[in-house]
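One structure below.
Just so you know, these numbers use all the heavy atoms, side chains as well, and skip hydrogens, waters and symmetry mates. Computed from a predicted model, the values in this text were never measured in an experiment.
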Amino acid sequence: MNSLYEWMLEKETPAIQIKSPKVKALLYCKESVEKIGFTWEQVISKDRKAGLVDARRCVSRHLLLHGWTTMAAGEELNLHYSTIVYHKQKFKTLHEYDAQFRHTWNEFTRL
């Protein structure tokens with residue numbers, strides 16, 4: 001039982017539905033990284049390829065928007081909380097000026 005996600009999957013049954021918005025946000029992120037071409041294992045790895053860093057920015061942004069703290073998001077993504085703060089700041093600039101990143105974010109948030 002390494003993460004909150006694994007624990008929730010063990011506990012979830014048809015009779016017990018996940019209602020926490022924070023857990024739902026995490027589950028959404030785990031599904032959405034596949035839309036942009038990565039696995040969750042790649043996202044939490046230490047690999048620093050540009051696409052993976054953008055995926056981590058999207059995940060951290062989504063988690064922060066849904067009530068996660070920088071510490072909790074950092075623990076889930078295997079990152080220091082200051083990196084989450086940096087991703088939060090960098091997200092705004094990239095979303096405004098970088099068309100490729102904007103496309104990645106749109107794919108990530110697409111239903």
Side-chain angles (χ1 to χ4, degrees):
M1 185 164 43
N2 293 334
S3 71
L4 176 64
Y5 174 73
E6 291 172 358
W7 182 82
M8 290 304 296
L9 286 181
E10 289 175 7
K11 301 295 179 192
E12 186 176 34
T13 63
I16 303 170
Q17 294 296 315
I18 298 173
K19 294 185 178 167
S20 168
K22 291 181 181 179
V23 175
K24 285 183 180 182
L26 180 61
L27 294 174
Y28 178 83
C29 288
K30 290 187 180 222
E31 293 171 3
S32 293
V33 294
E34 293 178 5
K35 292 184 213 171
I36 56 177
F38 299 105
T39 64
W40 185 252
E41 289 74 27
Q42 289 175 309
V43 171
I44 62 172
S45 72
K46 293 293 182 184
D47 196 351
R48 295 183 352 181
K49 292 179 184 172
L52 279 173
V53 174
D54 286 345
R56 288 184 194 112
R57 284 189 182 114
C58 291
V59 169
S60 61
R61 170 72 174 181
H62 187 77
L63 293 178
L64 292 174
L65 287 175
H66 287 85
W68 285 63
T69 63
T70 55
M71 289 289 286
E75 287 176 13
E76 194 62 44
L77 291 172
N78 199 20
L79 298 170
H80 193 265
Y81 79 94
S82 62
T83 306
I84 302 297
V85 172
Y86 178 75
H87 285 330
K88 179 182 174 182
Q89 294 168 347
K90 193 74 174 170
F91 180 92
K92 293 178 185 178
T93 305
L94 287 173
H95 192 265
E96 187 174 343
Y97 296 109
D98 187 349
Q100 179 63 35
F101 181 76
R102 213 171 17 256
H103 175 73
T104 301
W105 174 248
N106 289 337
E107 287 296 311
F108 183 84
T109 57
R110 184 174 50 97
L111 298 174

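No chain of hydrophobic side-chain contacts below 4.5 Å, direct or via other Ile, Leu, Val, Met, Phe, Trp or Tyr residues, connects Leu79 to Val53. By the rule that hydrophobic residues join a cluster once side-chain heavy atoms approach within less than 4.5 Å of another member, Phe91 and Trp68 end up as members of one cluster. Linking Ile, Leu, Val, Met, Phe, Trp and Tyr whenever their side-chain heavy atoms come within less than 4.5 Å puts Tyr28 and Val33 in one cluster.
Atom OG1 of Thr39 and atom CG of Leu52 lie 8.0 Å apart (nearest 0.5 Å). Put simply, SG on Cys29 and NZ on Lys24 are 14.5 Å apart, with the number rounded to the nearest 0.5 Å. Rounded to the nearest 0.5 angstrom, Leu94 CG and His87 NE2 are separated by 10.5 Å. Here the CG atom belonging to Leu77 is positioned 8.5 Å from the CG atom belonging to Leu26, to the nearest 0.5 angstrom. The line from CZ of Arg57 to NE2 of His95 is 13.5 Å long, rounded to the nearest 0.5 Å. For the atom pair Arg61 CZ and Lys90 NZ, the distance stands at 15.0 Å (nearest 0.5 Å).
Checked by atom type and distance alone, the side chain of Arg102 pairs as donor or acceptor with a backbone atom of Glu96 at under 3.5 Å. With hydrogens and angles ignored, the 3.5 Å screen pairs no side-chain donor or acceptor of Trp105 with any backbone N or O of Cys58. A donor-acceptor contact shorter than 3.5 Å is absent between the side chain of Lys35 and the backbone of Thr109. Listed for the Ser45 side chain is a donor-acceptor partner under 3.5 Å among the backbone atoms of Gln42.
Taking every heavy atom of both residues into account, Ala55 and Ile36 meet most closely at CB-CD1, 3.7 Å. Minimum interatomic distance between Lys30 and Trp40 (heavy atoms only, all atoms of both residues): NZ-NE1, 3.1 Å.
Considering only residues two or more places apart in sequence or on other chains, Thr70 meets the side chain to side chain contact (heavy atoms under 4.5 Å, CB included) condition with Leu64, Tyr81, Ile84, Val85. Scanning for ring-ring contact (aromatic ring centres under 6.0 Å, His included) contacts around Phe38 gives an empty result, with sequence neighbours left out.
Counting heavy atoms of neighbouring residues, nucleotides and ligands inside a 6.0 Å radius, atom CZ of Arg110 exceeds 12 of them.
Between His66 and His62, the ring planes lie tilted relative to each other; the angle falls in the 30° to 60° range.
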